[in-house]
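Down below is the structure, laid out as C-alpha coordinates.
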Amino acid sequence: MSLRARLAHLDPPPRLVDWSLFALVGLTAATGLTSFWVGHPSDAAIFWIHAVAGLSIPPLLVVKFRRVAGRVRDRRAWDRATPLSILLAAVAVAAAATGVAWAVGVVVPLGFWTLLNLHILFGLLLVPLLLVHLRARYRPLRRTDVRERRVALQYAGLVVAAGVTSAGLRWLATLFGTPAATRRFTGSRALDSDADLPVTSWVADDPDPVDPTTWTLSVGGLVGRPLELGVDDLNSTAERQALLDCTSGWYAERDWRGVRLGDLLDVAGASEDAAWVTVRSVTGYRWSLPLDEARDAVLATHLSGERLDHGHGYPIRLVAPGRRGFQWVKWVEGIEVRRRPDPRQWIAIFVSGL
Ligand SMILES: Nc1nc2c(c(=O)[nH]1)N[C@H]1C(S)=C(S)[C@@H](COP(=O)(O)O)O[C@H]1N2
Ligand SMILES: [Mo]
(Lines give C-alpha, C1' and ligand atoms only; values in the text may rest on other atoms or scores of the structure.)
(Ligands and ions follow the chains in the order given, each with its own letter.)
Protein backbone atom coordinates (compact mmCIF):
# COMPACT_ATOMS: atom_id res chain seq x y z
CA MET A 1 0.00 0.00 0.00
CA SER A 2 1.23 3.50 -0.78
CA LEU A 3 1.50 5.96 2.09
CA ARG A 4 -1.46 7.88 0.72
CA ALA A 5 -3.64 4.82 0.58
CA ARG A 6 -2.55 3.84 4.04
CA LEU A 7 -3.49 7.30 5.37
CA ALA A 8 -6.88 7.13 3.68
CA HIS A 9 -7.37 3.74 5.28
CA LEU A 10 -7.09 5.40 8.67
CA ASP A 11 -9.79 7.96 7.90
CA PRO A 12 -13.04 7.66 9.80
CA PRO A 13 -15.97 6.32 7.72
CA PRO A 14 -17.00 8.87 5.05
CA ARG A 15 -20.58 9.19 6.21
CA LEU A 16 -19.48 9.76 9.76
CA VAL A 17 -17.15 12.51 8.60
CA ASP A 18 -19.99 14.13 6.68
CA TRP A 19 -22.48 13.89 9.52
CA SER A 20 -19.96 15.18 12.03
CA LEU A 21 -19.34 18.17 9.80
CA PHE A 22 -23.07 18.74 9.67
CA ALA A 23 -23.38 18.52 13.45
CA LEU A 24 -20.36 20.76 14.04
CA VAL A 25 -21.59 23.42 11.63
CA GLY A 26 -24.95 23.33 13.40
CA LEU A 27 -23.28 23.65 16.80
CA THR A 28 -20.99 26.49 15.75
CA ALA A 29 -23.87 28.36 14.12
CA ALA A 30 -26.07 27.93 17.19
CA THR A 31 -23.35 28.96 19.66
CA GLY A 32 -22.19 31.77 17.37
CA LEU A 33 -25.68 33.25 17.22
CA THR A 34 -26.30 32.76 20.94
CA SER A 35 -23.00 34.43 21.76
CA PHE A 36 -24.36 37.81 20.67
CA TRP A 37 -26.49 37.77 23.79
CA VAL A 38 -23.73 36.73 26.12
CA GLY A 39 -21.95 39.50 28.00
CA HIS A 40 -21.40 38.00 31.41
CA PRO A 41 -18.40 35.76 32.16
CA SER A 42 -20.68 33.19 33.80
CA ASP A 43 -21.88 32.27 30.29
CA ALA A 44 -18.41 32.11 28.75
CA ALA A 45 -18.88 28.38 28.02
CA ILE A 46 -20.85 29.35 24.90
CA PHE A 47 -17.63 30.82 23.47
CA TRP A 48 -15.49 27.82 24.45
CA ILE A 49 -17.92 25.44 22.79
CA HIS A 50 -17.94 27.65 19.72
CA ALA A 51 -14.13 27.65 19.56
CA VAL A 52 -13.70 23.91 20.16
CA ALA A 53 -16.47 22.92 17.74
CA GLY A 54 -15.19 25.40 15.15
CA LEU A 55 -11.60 24.22 15.41
CA SER A 56 -12.74 20.59 15.07
CA ILE A 57 -14.03 21.36 11.59
CA PRO A 58 -10.79 21.97 9.60
CA PRO A 59 -9.23 18.52 10.22
CA LEU A 60 -12.48 16.86 9.12
CA LEU A 61 -12.55 19.12 6.07
CA VAL A 62 -9.07 17.90 5.14
CA VAL A 63 -10.26 14.29 5.34
CA LYS A 64 -13.34 15.13 3.31
CA PHE A 65 -11.51 17.16 0.64
CA ARG A 66 -8.96 14.36 0.19
CA ARG A 67 -11.83 11.97 -0.39
CA VAL A 68 -13.67 14.05 -2.98
CA ALA A 69 -10.68 15.70 -4.70
CA GLY A 70 -10.61 13.16 -7.55
CA ARG A 71 -14.27 13.68 -8.34
CA VAL A 72 -13.93 17.45 -8.33
CA ARG A 73 -10.87 17.44 -10.59
CA ASP A 74 -12.60 15.21 -13.15
CA ARG A 75 -15.09 17.47 -14.92
CA ARG A 76 -16.99 14.46 -16.27
CA ALA A 77 -17.83 13.45 -12.72
CA TRP A 78 -19.61 16.75 -12.02
CA ASP A 79 -23.34 16.96 -11.62
CA ARG A 80 -25.69 19.87 -11.00
CA ALA A 81 -24.88 20.00 -7.31
CA THR A 82 -21.10 20.08 -7.72
CA PRO A 83 -20.62 23.88 -8.16
CA LEU A 84 -22.63 24.51 -5.04
CA SER A 85 -20.57 21.96 -3.14
CA ILE A 86 -17.40 23.77 -4.20
CA LEU A 87 -18.88 27.08 -3.06
CA LEU A 88 -19.81 25.48 0.25
CA ALA A 89 -16.24 24.23 0.66
CA ALA A 90 -14.86 27.70 -0.05
CA VAL A 91 -17.22 29.36 2.42
CA ALA A 92 -16.39 26.77 5.10
CA VAL A 93 -12.67 27.42 4.67
CA ALA A 94 -13.28 31.19 4.71
CA ALA A 95 -15.37 30.98 7.88
CA ALA A 96 -12.69 28.93 9.65
CA ALA A 97 -9.84 31.13 8.39
CA THR A 98 -11.49 34.42 9.40
CA GLY A 99 -12.42 32.99 12.81
CA VAL A 100 -8.85 31.89 13.51
CA ALA A 101 -7.41 35.12 12.09
CA TRP A 102 -9.67 37.22 14.32
CA ALA A 103 -8.77 35.15 17.37
CA VAL A 104 -5.00 35.61 16.88
CA GLY A 105 -5.31 39.27 15.92
CA VAL A 106 -4.36 39.29 12.24
CA VAL A 107 -4.91 42.80 10.90
CA VAL A 108 -6.48 43.16 7.48
CA PRO A 109 -7.51 46.59 6.18
CA LEU A 110 -11.17 46.09 5.39
CA GLY A 111 -12.38 49.63 6.01
CA PHE A 112 -15.41 49.65 8.25
CA TRP A 113 -15.49 45.85 8.47
CA THR A 114 -13.53 43.68 10.84
CA LEU A 115 -12.49 40.06 10.36
CA LEU A 116 -15.13 39.28 12.96
CA ASN A 117 -17.85 40.75 10.74
CA LEU A 118 -16.56 38.63 7.85
CA HIS A 119 -16.47 35.54 10.05
CA ILE A 120 -20.11 36.12 11.01
CA LEU A 121 -21.06 36.64 7.35
CA PHE A 122 -19.38 33.41 6.20
CA GLY A 123 -20.79 31.55 9.18
CA LEU A 124 -24.32 32.65 8.36
CA LEU A 125 -23.87 31.76 4.67
CA LEU A 126 -22.65 28.31 5.61
CA VAL A 127 -25.96 27.16 7.06
CA PRO A 128 -28.25 27.55 4.00
CA LEU A 129 -25.50 26.31 1.67
CA LEU A 130 -25.05 23.20 3.81
CA LEU A 131 -28.79 22.51 3.85
CA VAL A 132 -29.00 22.75 0.05
CA HIS A 133 -25.91 20.54 -0.23
CA LEU A 134 -27.52 18.01 2.06
CA ARG A 135 -30.61 17.90 -0.13
CA ALA A 136 -28.50 16.76 -3.06
CA ARG A 137 -26.06 14.52 -1.19
CA TYR A 138 -28.01 13.08 1.72
CA ARG A 139 -26.85 9.64 2.85
CA PRO A 140 -28.15 8.18 6.12
CA LEU A 141 -25.63 7.27 8.77
CA ARG A 142 -25.25 3.51 9.29
CA ARG A 143 -24.63 1.60 12.48
CA THR A 144 -21.30 0.31 11.16
CA ASP A 145 -20.10 3.90 10.71
CA VAL A 146 -19.99 4.53 14.42
CA ARG A 147 -19.07 1.15 15.87
CA GLU A 148 -15.32 1.18 15.77
CA ARG A 149 -13.32 1.98 18.85
CA ARG A 150 -10.59 3.52 16.73
CA VAL A 151 -13.09 6.06 15.45
CA ALA A 152 -14.19 7.01 18.97
CA LEU A 153 -10.54 7.57 19.89
CA GLN A 154 -9.98 9.66 16.77
CA TYR A 155 -12.89 11.89 17.67
CA ALA A 156 -11.78 12.27 21.26
CA GLY A 157 -8.36 13.26 19.92
CA LEU A 158 -9.98 15.74 17.57
CA VAL A 159 -11.80 17.51 20.39
CA VAL A 160 -8.71 17.58 22.60
CA ALA A 161 -6.61 18.96 19.75
CA ALA A 162 -9.22 21.66 19.08
CA GLY A 163 -9.19 22.68 22.75
CA VAL A 164 -5.40 22.81 22.81
CA THR A 165 -5.39 24.82 19.56
CA SER A 166 -7.87 27.28 21.01
CA ALA A 167 -5.69 27.84 24.07
CA GLY A 168 -2.63 27.99 21.80
CA LEU A 169 -4.14 30.74 19.67
CA ARG A 170 -4.75 32.85 22.75
CA TRP A 171 -1.21 32.22 23.92
CA LEU A 172 0.18 33.25 20.51
CA ALA A 173 -1.81 36.50 20.56
CA THR A 174 -0.41 37.33 24.00
CA LEU A 175 3.13 36.25 23.14
CA PHE A 176 3.29 38.43 20.03
CA GLY A 177 1.25 41.25 21.55
CA THR A 178 -1.16 41.29 18.62
CA PRO A 179 -4.38 43.35 18.76
CA ALA A 180 -6.10 40.21 20.04
CA ALA A 181 -3.86 40.11 23.13
CA THR A 182 -6.44 42.10 25.11
CA ARG A 183 -9.42 40.05 24.05
CA ARG A 184 -12.13 39.14 26.54
CA PHE A 185 -13.91 35.80 26.64
CA THR A 186 -16.29 37.27 24.04
CA GLY A 187 -13.42 37.80 21.61
CA SER A 188 -13.80 41.58 21.82
CA ARG A 189 -10.64 43.67 22.14
CA ALA A 190 -9.89 46.58 24.45
CA LEU A 191 -10.20 50.07 23.13
CA ASP A 192 -7.43 52.41 24.31
CA SER A 193 -8.38 53.69 27.74
CA ASP A 194 -8.34 57.33 26.61
CA ALA A 195 -9.99 56.74 23.22
CA ASP A 196 -13.49 58.04 22.52
CA LEU A 197 -16.07 55.30 22.22
CA PRO A 198 -16.80 54.75 18.54
CA VAL A 199 -20.38 55.82 17.90
CA THR A 200 -21.95 52.51 16.97
CA SER A 201 -25.51 52.14 15.83
CA TRP A 202 -27.38 49.39 14.12
CA VAL A 203 -28.37 49.48 10.50
CA ALA A 204 -30.20 52.78 10.07
CA ASP A 205 -30.82 53.84 13.66
CA ASP A 206 -29.68 57.42 13.21
CA PRO A 207 -32.14 59.97 14.63
CA ASP A 208 -31.86 63.76 14.54
CA PRO A 209 -30.41 65.20 17.73
CA VAL A 210 -32.99 65.16 20.51
CA ASP A 211 -34.45 68.60 21.33
CA PRO A 212 -34.20 68.94 25.13
CA THR A 213 -37.07 71.46 25.23
CA THR A 214 -39.60 69.00 23.87
CA TRP A 215 -38.09 65.66 24.95
CA THR A 216 -39.66 63.80 27.83
CA LEU A 217 -39.00 60.49 29.51
CA SER A 218 -42.12 58.54 30.27
CA VAL A 219 -42.21 55.78 32.87
CA GLY A 220 -45.32 53.69 32.43
CA GLY A 221 -46.82 50.23 32.08
CA LEU A 222 -47.36 48.23 35.27
CA VAL A 223 -46.78 51.12 37.68
CA GLY A 224 -48.98 52.82 40.24
CA ARG A 225 -48.00 56.34 39.25
CA PRO A 226 -46.84 56.91 35.65
CA LEU A 227 -44.14 59.60 35.33
CA GLU A 228 -43.36 62.15 32.65
CA LEU A 229 -39.94 63.76 33.17
CA GLY A 230 -38.04 66.51 31.39
CA VAL A 231 -34.29 66.98 31.07
CA ASP A 232 -34.15 69.15 34.18
CA ASP A 233 -35.93 66.51 36.27
CA LEU A 234 -33.07 64.07 35.85
CA ASN A 235 -31.11 63.85 39.04
CA SER A 236 -27.79 62.42 37.88
CA THR A 237 -26.14 61.11 40.99
CA ALA A 238 -25.61 57.41 40.30
CA GLU A 239 -22.07 56.53 39.22
CA ARG A 240 -21.13 53.30 37.48
CA GLN A 241 -17.93 52.03 36.06
CA ALA A 242 -19.16 49.68 33.38
CA LEU A 243 -17.81 47.76 30.45
CA LEU A 244 -19.46 48.20 27.06
CA ASP A 245 -18.74 45.18 24.83
CA CYS A 246 -19.97 45.59 21.25
CA THR A 247 -20.67 42.52 19.10
CA SER A 248 -18.55 44.10 16.37
CA GLY A 249 -15.54 43.22 18.52
CA TRP A 250 -14.42 46.03 20.82
CA TYR A 251 -14.94 46.78 24.49
CA ALA A 252 -14.23 49.70 26.78
CA GLU A 253 -14.59 50.25 30.50
CA ARG A 254 -15.73 53.80 31.25
CA ASP A 255 -17.21 55.91 34.02
CA TRP A 256 -20.88 56.63 33.57
CA ARG A 257 -23.13 58.87 35.62
CA GLY A 258 -26.87 59.22 35.56
CA VAL A 259 -30.14 58.17 37.12
CA ARG A 260 -30.49 54.79 38.74
CA LEU A 261 -33.43 53.14 36.99
CA GLY A 262 -34.49 51.61 40.32
CA ASP A 263 -34.97 55.11 41.78
CA LEU A 264 -37.42 56.00 38.99
CA LEU A 265 -39.23 52.70 39.51
CA ASP A 266 -39.49 53.35 43.24
CA VAL A 267 -41.18 56.68 42.56
CA ALA A 268 -43.48 55.21 39.93
CA GLY A 269 -44.18 52.15 42.07
CA ALA A 270 -43.90 48.90 40.12
CA SER A 271 -46.99 46.66 40.44
CA GLU A 272 -46.87 43.24 41.99
CA ASP A 273 -46.97 41.36 38.68
CA ALA A 274 -44.19 43.47 37.16
CA ALA A 275 -41.28 41.30 36.02
CA TRP A 276 -39.59 43.05 33.09
CA VAL A 277 -38.63 46.57 32.14
CA THR A 278 -38.43 47.67 28.51
CA VAL A 279 -36.23 50.62 27.67
CA ARG A 280 -37.31 52.32 24.44
CA SER A 281 -35.46 54.79 22.24
CA VAL A 282 -36.93 57.70 20.27
CA THR A 283 -36.19 55.54 17.20
CA GLY A 284 -38.32 52.63 18.41
CA TYR A 285 -35.22 50.58 19.18
CA ARG A 286 -35.66 48.88 22.56
CA TRP A 287 -34.48 46.17 24.92
CA SER A 288 -35.96 44.51 28.01
CA LEU A 289 -34.26 43.58 31.27
CA PRO A 290 -35.58 41.51 34.17
CA LEU A 291 -36.92 43.85 36.87
CA ASP A 292 -34.17 43.19 39.42
CA GLU A 293 -31.44 43.76 36.89
CA ALA A 294 -33.19 46.86 35.55
CA ARG A 295 -33.35 48.38 39.04
CA ASP A 296 -29.61 48.39 39.22
CA ALA A 297 -29.07 49.71 35.68
CA VAL A 298 -28.37 53.38 35.06
CA LEU A 299 -29.86 55.82 32.60
CA ALA A 300 -26.68 57.75 31.90
CA THR A 301 -26.49 61.45 31.20
CA HIS A 302 -22.70 61.63 31.48
CA LEU A 303 -19.77 59.66 30.07
CA SER A 304 -16.27 60.14 31.57
CA GLY A 305 -17.46 63.23 33.38
CA GLU A 306 -18.82 64.95 30.26
CA ARG A 307 -22.42 65.41 29.26
CA LEU A 308 -23.38 62.76 26.70
CA ASP A 309 -23.15 63.94 23.13
CA HIS A 310 -25.75 63.08 20.53
CA GLY A 311 -23.84 60.11 19.09
CA HIS A 312 -23.70 58.37 22.45
CA GLY A 313 -27.38 58.90 23.19
CA TYR A 314 -28.09 62.42 24.54
CA PRO A 315 -30.06 63.09 26.65
CA ILE A 316 -29.97 59.62 28.23
CA ARG A 317 -28.85 56.12 27.37
CA LEU A 318 -29.05 52.82 29.15
CA VAL A 319 -25.95 51.46 30.88
CA ALA A 320 -26.54 47.76 31.47
CA PRO A 321 -23.44 46.14 33.03
CA GLY A 322 -22.91 42.53 31.94
CA ARG A 323 -24.97 43.05 28.77
CA ARG A 324 -23.66 43.40 25.23
CA GLY A 325 -23.43 46.88 23.74
CA PHE A 326 -26.46 46.56 21.50
CA GLN A 327 -28.64 46.33 24.60
CA TRP A 328 -27.40 49.71 25.90
CA VAL A 329 -30.27 51.62 24.29
CA LYS A 330 -29.44 55.21 23.29
CA TRP A 331 -31.75 58.26 23.10
CA VAL A 332 -34.14 56.75 25.64
CA GLU A 333 -37.63 58.24 25.85
CA GLY A 334 -39.72 55.45 27.36
CA ILE A 335 -39.52 53.02 30.27
CA GLU A 336 -42.26 50.42 30.31
CA VAL A 337 -42.76 48.04 33.20
CA ARG A 338 -44.16 44.75 31.94
CA ARG A 339 -45.05 41.20 32.78
CA ARG A 340 -42.94 39.85 29.88
CA PRO A 341 -40.17 41.17 27.62
CA ASP A 342 -41.46 43.32 24.79
CA PRO A 343 -41.48 41.00 21.73
CA ARG A 344 -41.19 44.02 19.43
CA GLN A 345 -37.56 44.36 20.48
CA TRP A 346 -36.70 41.44 18.19
CA ILE A 347 -38.05 43.30 15.19
CA ALA A 348 -36.74 46.69 16.30
CA ILE A 349 -33.11 45.59 16.60
CA PHE A 350 -33.15 44.51 12.96
CA VAL A 351 -35.27 47.15 11.23
CA SER A 352 -35.19 50.14 13.56
CA GLY A 353 -34.64 53.35 11.63
CA LEU A 354 -35.24 51.79 8.21
N1 LIG B 1 -31.27 53.46 19.90
C2 LIG B 1 -30.14 52.77 19.70
N3 LIG B 1 -29.35 52.43 20.73
C4 LIG B 1 -28.20 51.75 20.51
C5 LIG B 1 -27.82 51.37 19.21
C6 LIG B 1 -28.68 51.71 18.15
O7 LIG B 1 -28.43 51.40 16.98
N8 LIG B 1 -29.83 52.41 18.42
N9 LIG B 1 -26.64 50.66 19.02
C10 LIG B 1 -26.18 49.86 20.14
C11 LIG B 1 -24.88 49.28 19.92
S12 LIG B 1 -24.76 48.04 18.78
C13 LIG B 1 -23.80 49.60 20.69
S14 LIG B 1 -22.36 48.76 20.64
C15 LIG B 1 -23.85 50.76 21.60
C16 LIG B 1 -22.73 51.69 21.25
O17 LIG B 1 -22.71 52.79 22.06
P18 LIG B 1 -21.91 54.09 21.62
O19 LIG B 1 -22.40 54.48 20.23
O20 LIG B 1 -22.20 55.09 22.66
O21 LIG B 1 -20.46 53.71 21.58
O22 LIG B 1 -25.09 51.44 21.56
C23 LIG B 1 -26.22 50.62 21.46
N24 LIG B 1 -27.41 51.42 21.57
MO1 LIG C 1 -22.74 46.98 19.09
Side-chain angles (χ1 to χ4, degrees), residues 32-40 47 102 112-121 183-184 186-211 215-218 240-258 261 277-289 294 297-336 341-342 344-354:
L33 286 173
T34 315
S35 77
F36 291 136
W37 282 271
V38 172
H40 198 272
F47 289 90
W102 172 260
F112 187 73
W113 280 58
T114 63
L115 278 168
L116 180 61
N117 296 134
L118 277 186
H119 175 64
I120 293 167
L121 175 77
R183 74 181 215 258
R184 294 182 83 206
T186 60
S188 295
R189 297 143 183 204
L191 214 63
D192 281 339
S193 57
D194 52 356
D196 289 334
L197 295 188
V199 169
T200 309
S201 297
W202 271 48
V203 208
D205 221 54
D206 184 20
D208 289 333
V210 170
D211 177 355
W215 174 88
T216 59
L217 172 69
S218 68
R240 273 282 181 299
Q241 192 177 60
L243 188 149
L244 196 172
D245 183 341
C246 175
T247 43
S248 68
W250 57 268
Y251 71 87
E253 189 155 34
R254 292 288 184 276
D255 293 319
W256 299 88
R257 178 152 63 83
L261 193 40
V277 177
T278 301
V279 179
R280 191 186 70 247
S281 169
V282 298
T283 63
Y285 190 95
R286 66 195 70 188
W287 201 258
S288 312
L289 302 179
V298 165
L299 292 171
T301 54
H302 289 73
L303 162 58
S304 307
E306 313 254 349
R307 203 195 76 175
L308 275 189
D309 59 16
H310 169 62
H312 295 304
Y314 176 83
I316 53 170
R317 72 95 50 81
L318 178 65
V319 168
R323 296 267 174 175
R324 297 305 285 271
F326 75 91
Q327 295 159 333
W328 294 36
V329 181
K330 299 192 281 195
W331 313 292
V332 174
E333 67 164 13
I335 303 294
E336 201 192 350
D342 185 344
R344 284 166 296 181
Q345 71 195 26
W346 294 99
I347 302 165
I349 58 166
F350 293 112
V351 303
S352 174
L354 285 181

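Numbering of ligands and ligand atoms starts at 1, following listing order. The structure displayed is predicted, hence computed values, not measured ones. Just the heavy atoms: all of them, side chains too, but no hydrogens, waters or symmetry mates, feed the values below.
For the 3.5 Å distance criterion, the side chains of D342 and S288 fail to qualify, holding no donor opposite an acceptor. Side-chain polar atoms of K330 and S281 form no donor-acceptor pair below 3.5 angstrom.
Those atoms of ligand 1 that come under 4.0 Å of a heavy atom in W331, given as number and element, are 1 (N), 2 (C), 8 (N). Under a 4.0 Å criterion applied to the non-hydrogen atoms of W250, ligand 1 contributes the atoms 21 (O). Short contacts between ligand 1 and H312, defined as distances under 4.0 Å to a heavy atom of the residue, involve ligand atoms 18 (P), 19 (O), 20 (O), 21 (O). Of all atoms in ligand 1, numbered sequentially from 1 with element shown, those under 4.0 Å from a heavy atom of W328 are 22 (O), 23 (C), 24 (N). Residue V199 has at least one heavy-atom neighbour below 4.0 Å for each of these atoms of ligand 1: 19 (O). Atoms of ligand 1 found under 4.0 Å from any heavy atom of L197, numbered from 1 in the order shown, are 21 (O).
Below 3.5 Å of separation, one finds an N or O of T200 facing an N or O of ligand 1. Close N/O approach between Y285 and ligand 1 is not found [any backbone or side-chain N/O within under 3.5 Å].
Enclosure of atom CD in E306 is not indicated, since only 12 or fewer non-hydrogen atoms of other residues, nucleotides or ligands lie within 6.0 angstrom.
For the pair R189 and W102, the cation-pi test (distance below 6.0 Å, angle within 45°) is passed.
At a heavy-atom distance under 4.0 Å, only backbone atoms of P198 (N, CA, C or O) approach ligand 1. Counting heavy atoms closer than 4.0 Å to ligand 1, residue F36 contributes nothing at all. No part of Q327 comes within 4.0 Å of ligand 1, judged by heavy-atom distances. With a heavy-atom cut-off of 4.0 Å, S281 touches ligand 1 through its side chain alone.
Residues R324 and F36 are not in side-chain contact: their nearest non-hydrogen atoms beyond the backbone lie 4.5 Å or more apart. Residues E336 and V279 fail the side-chain proximity criterion, which asks for heavy atoms closer than 4.5 Å.
Under the side chain to side chain donor-acceptor pair (under 3.5 Å) criterion, T200 pairs with no residue, sequence neighbours left out.
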Ignoring hydrogens and angles, write down the donor-acceptor pairs under 3.5 Å from the side chains of residues 246-255, residues two or more places apart or on other chains.
residue: Y251; atom: OH; partner: T182; partner atom: O; Å: 2.9
residue: R254; atom: NH2; partner: D192; partner atom: O; Å: 3.0
residue: R254; atom: NH2; partner: A195; partner atom: O; Å: 2.6

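Close to ligand 1: R317, with a non-hydrogen atom less than 4.0 angstrom away.
Between W346 and W287, the angle of the ring planes goes over 60°, which puts this pair in the perpendicular group of the 30/60° scheme.
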